[in-house]
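We name chains A, B, ... by the order of the sequence lines, and we start the count at 1 in each one.
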Amino acid sequence: MLERTAKKREKRDEALPRRARQSPKVSAPCHGGTISEDESIISISTSSRPSSPPPIRKLTKPSAKPPPKPKPVVQSKSVPPKKGKKKEKVKMYPKDYAQMLLDQPPDPSAKRRQRFLKGMNIFYTGGDMTWASDATRGRMDLIVQHGGNLFPVFDPALVTHIISETSSPEPMLRALGLKKLGEVPDHIPIVKWNWVVSGQEGALGPLWEFAAYANRIPPIDVPVRSGKGKERAIVADQSRISAKQRKRSIHDSEDEEDDERQGPQVGPLQSPPSSRRLTARTDGPSTSRVKTEAADDPLAEFYAKARFDRDNAWSRHGEAGEDEDETDIDEPASDSDDDTAQKPGPPPPKGGWTCDSKEAQVKNGPNEFIAKKLEELMHLHKAKPGMDNHWRAFSYTKALRPIRKHPKPIRSYSEARKIKGVAHKTALKIMEIVETGDLRRIGYENTADVQIRKLFQGIYGVGQQTAYQWYAAGCRSLKDLKAGKGGVTLTPAQKIGIEFYDDINDRMPREEAQALFELIKPIALEINPKLEVEIMGSYRRGKADCGDIDIMITRCPDDGKTHAGILHHLLKALHEKNIITEDLALPEDPFDNEAIYRGLCRLPKFGSRRRRIDFLTVPWKSRGAALLYYTGDDIFNRSMRLKANRLGYSLNQKGLFAGVVRDPRNRTVKTNTGNIVASETEEEIFRMLGVPFQLPHQRVRG
DNA sequence: CAACAGATTCC
DNA sequence: GGAATC
DNA sequence: GTTG
C-alpha cells in the first residue's frame with residue numbers, strides 16, 4: 001500500500017495499478033465532464049473582444065451570435081419580471097446578455113418606472129467569472145428599465161458611468177479590457193451598484209458617495225496570510241471613501257496622497273435605508289423592546305403550538321421531531337417500521353401522508369424567497385476563512401429550515417423573531433428582504449475575491465485556508481493554479497480535483513449511482529460471498545440525484561473470519577476493471593477491519609463521467625452506527641449527536657457510547673471513552689436516544 | 001461566555 | 001498539529 | 001450568528 005501511495009503522487013496515471021494505467025485516457029474519450037479550459041479561466045468576454053460594435057442603443061448588428069431569447073430574471077419585488085414569458089436560461093457572457101437587452105424592444109412597462117438613468121451610458125460589470133450570473137442579468141435588466149444605455153463593451157469615448165461590483169479593480173479592468181485603473185478616463189465615475197439602488201429608493205445619491213474604489217491604484221489588497229493558518233482580516237478598502245474620493249470626482253485628480261480621514265464616509269456600507277424605518281422602530285431603544293413585543297404577541301403560542309402539532313403529526317409516522325431533539329416525543333420506535341427499515345431498498349409506499357408533500361412544502365413555502373437570499377449569504381460566509389464565518393454560516397443553516405417551514409409569509413419583525421434560529425440580526429435581514437426583495441449585504445459580501453475563492457474551494461482537497469492562501473499568492477483561475485503561479489503547489493488529490501472539477505462537483509442521477517453499485521457489489525461478493533455490502537448516503541435516503549456513492553462493507557464474524565483485507569482486493573479488482581480511475585485518499589491500512597477509501601469511479605462505458613466514491617469497511621458490531629452516520633443527512637446527524645450529548649452519550653460512526661468523560665478544559669479530549677451501548681443496528685441507536693425510528697428517506701432535514 | 005460533532009487521512 | 005472531508 |  002505504501003508503495004502505492006508513493007507512486008501515486010507522481011502522476012495521476014501512475015497512481016493506477018499497472019493495468020488500469022494501460023488504458024490511456026485517450027482511448028476512453030470521456031471528456032464529458034472535465035472542465036474545459038475556457039470555463040476554468042476567468043475572463044469576461046467584453047475584455048477579450050474589445051473590438052465589438054459600438055454600444056449604441058439602436059445598434060443592430062449583434063456582436064457575436066444571435067442573442068438567445070431573453071430570460072426574465074426574477075428579481076426583487078421592486079422589479080417585477082417583465083412580461084411573464086419564461087425561457088430556459090441560456091449561458092451567455094455578460095456582454096452578450098447586455099447586447100441582447102439592447103436588441104430588445106423597449107419594455108413598455110418600464111415607462112411607469114422612474115427612468116433616473118436616462119441619458120447615461122453605462123457599462124456594468126458584476127465580476128462574473130464567465131457566464132452572466134442571474135444577479136448580473138437582473139442588474140442589467142434594471143439599468144435598461146431605468147432608462148440607462150447599457151453598453152456591452154467599454155468605450156471610453158461614449159461611456160459615462162461604470163458600475164462595478166467587484167471589490168478589487170482587477171476583475172473590472174478585465175471586463176473593461178484595460179490594464180490599470182489609470183487608464184480609465186478620470187471623468188468616468190466608477191460606482192457600486194448601491195448607487196442605482198439609491199435611485200430606486202428615491203433619488204440618485206452623489207456619485208462620490210458610491211465610489212467603487214477608494215483610489216485608483218489597484219490596491220493589491222491581496223490579503224497576506226500570516227505565519228501559520230491564522231485567520232487574517234481581509235480589509236477591503238471600500239470603506240475608506242473619504243474626501244479624497246469626493247475630490248477625485250470633482251477635480252478629476254487621482255494622485256492625492258493626503259491621508260486626511262475625516263469621518264469615514266461609509267457610503268455603500270451603511271445599513272440599508274429600506275430597513276431603516278423598521279430598524280429605528282423596533283431596534284432603536286434596545287432589544288428588550290423587541291423581546292417584549294414578541295412576548296406580547298398573542299400569537300406566539302399559536303405558532304409554537306402549530307409547529308409542535310405539525311412535528312408530531314410527522315413523527316406519528318416515524319418522522320421524529322424536527323431539527324433538534326427537543327421536539328421529539330418519547331415514542332418507542334414503532335415495531336411495524338422496524339422490519340421495513342432493515343432493508344435499504346426503495347422507500348416503502350406511504351399512506352395518508354407523503355414525504356413528497358413534505359418536500360414540496362419545504363420547497364414552495366411562502367417564505368422561500370427569503371430562504372434563498374439567506375442561503376446565498378450563508379454560502380458567502382462559508383467561503384470566508386475563520387471560525388466566526390464558519391459559525392455564522394452554521395447558524396444560517398439552522399435557521400433556514402424553520403424559515404422554509406413557516407406556514408405563512410413573514411410580514412413583521414416580531415413574526416420573524418419567533419422563528420427558531422432567528423434572532424435580531426437575521427430578523428432584520430429577513431425584513432430587509434421582505435421589504436426590498438433584496439439583501440444588500442449579499443452584494444457587498446459577494447465580491448470578486450470571494451467568487452474566486454469559491455471556485456478554488458470547489459476543488460477536492462481545498463478548503464477556506466488553502467483557497468485564501470492561493471488567492472493571496474495571486475492566483476485567480478484554475479489555470480493559474482495549474483501553472484503554479486505564486487509558487488502554489490498542488491497535492492495529488494488537488495490535481496485530480498482540478499482535472500475533474502465539474503465532474504466532481506456535479507451530482508449524478510440516482511440511476512447512475514445504482515448502476516455503479518450494482519456493478520461493484522457482485523465484484524465484492526465474488527471476492528467473498530459472505531460480505532455485506534450496502535450503499536448509503538443520499539442514495540439510501542432515496543434522493544433522485546447523488547453527489548457521491550458511499551459503500552459500506554462488513555461481514556459477520558460468526559465463523560471466526562472477518563472482512564479484513566478485502567478492501568485491498570476489491571480496490572485492485574475495481575482498478576483493473578477501470579471502474580475506479582483515481583485514488584484520492586487511501587486507507588492507512590487496507591487490510592484493517594476498519595478502513596476508509598476515497599476515490600473516483602465511472603461506469604465503464606463511453607462518455608461516462610467521473611463520480612466520487614467512498615468505501616468503508618467497518619467491524620460487524622458497528623455496522624449500525626456506520627450506516628446511520630453515512631446515511632445522514634448531515635443535519636439529521638447533527639441533531640442525533642446533539643441529543644446523544646445531552647443525554648450523556650456520545651455518538652459517532654462506531655457507536656453510541658455512555659459514560660464518556662471529557663476533559664473539562666478541552667471537551668474534545670475524552671479522558672474516558674465510555675462503554676459502547678449500541679452500534680449494531682440503527683434501530684437500537686434510535687431507541688437508546690428515544691428518537692422514533694425513521695426510515696432513511698425520512699431523515700431529510702437539510 | 002461557551003457551545004455549536006467527531007474521527008480519519010493527508011501534508 | 002492544521003486542514004479537509006464525510 | 002443563535003442559544004442557554
Remember a base hit wins even if backbone is also touched, and classify [X] as base, sugar-phosphate or nothing at under 4.0 Å, heavy atoms.
{"X": "A:Leu374", "value": "nothing"}
{"X": "A:Asp634", "value": "nothing"}
{"X": "A:Asp614", "value": "sugar-phosphate"}
{"X": "A:Thr466", "value": "sugar-phosphate"}
{"X": "A:Tyr460", "value": "sugar-phosphate"}

Is the positively charged end of A:Arg510 above the ring of A:Tyr539, judged by distance under 6.0 angstrom from the centroid and angle within 45° of the axis?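 The answer is yes; both the distance and angle limits are met.
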Donor-acceptor contact below 3.5 Å, side chain A:Asn505 vs main chain A:Tyr501: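 Present.
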5′-ward residue of the pair A:Tyr629/A:Ala595 relative to DNA chain B: A:Tyr629
Residue mapping more 5' on DNA chain B - nearest nucleotide basis, A:Asn652 or A:Trp391: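 Final value for this comparison: A:Trp391.
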Nucleotide nearest A:Tyr396 when distance is taken to its side chain, options B:dA7, D:dG1, B:dA5: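 Of the options given, the side chain of A:Tyr396 lies nearest D:dG1.
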Please pick, from D:dG1, C:dC6, B:dT8, the nucleotide with the shortest atom-to-atom distance to any side-chain atom of A:Lys425.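 The closest nucleotide is D:dG1.
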Looking at A:Lys643, does any N or O in its side chain come under 4.0 Å of the phosphate oxygens OP1/OP2 on B:dA5? no
Restricting to ring pair (Phe, Tyr, Trp, His ring centres under 6.0 Å), what partner residues turn up for A:Phe394, sequence neighbours left out?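 If we apply the ring pair (Phe, Tyr, Trp, His ring centres under 6.0 Å) test to A:Phe394, skipping adjacent residues, the hits are A:Trp391.
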Taking the P atom of each, how far is D:dT3 from B:dA5, in whole Å? 15 Å
Just jot down the side chain to side chain contact (heavy atoms under 4.5 Å, CB included) partners of A:Asn637, sequence neighbours excluded, or say none.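 If we apply the side chain to side chain contact (heavy atoms under 4.5 Å, CB included) test to A:Asn637, skipping adjacent residues, the hits are A:Tyr629, A:Arg641.
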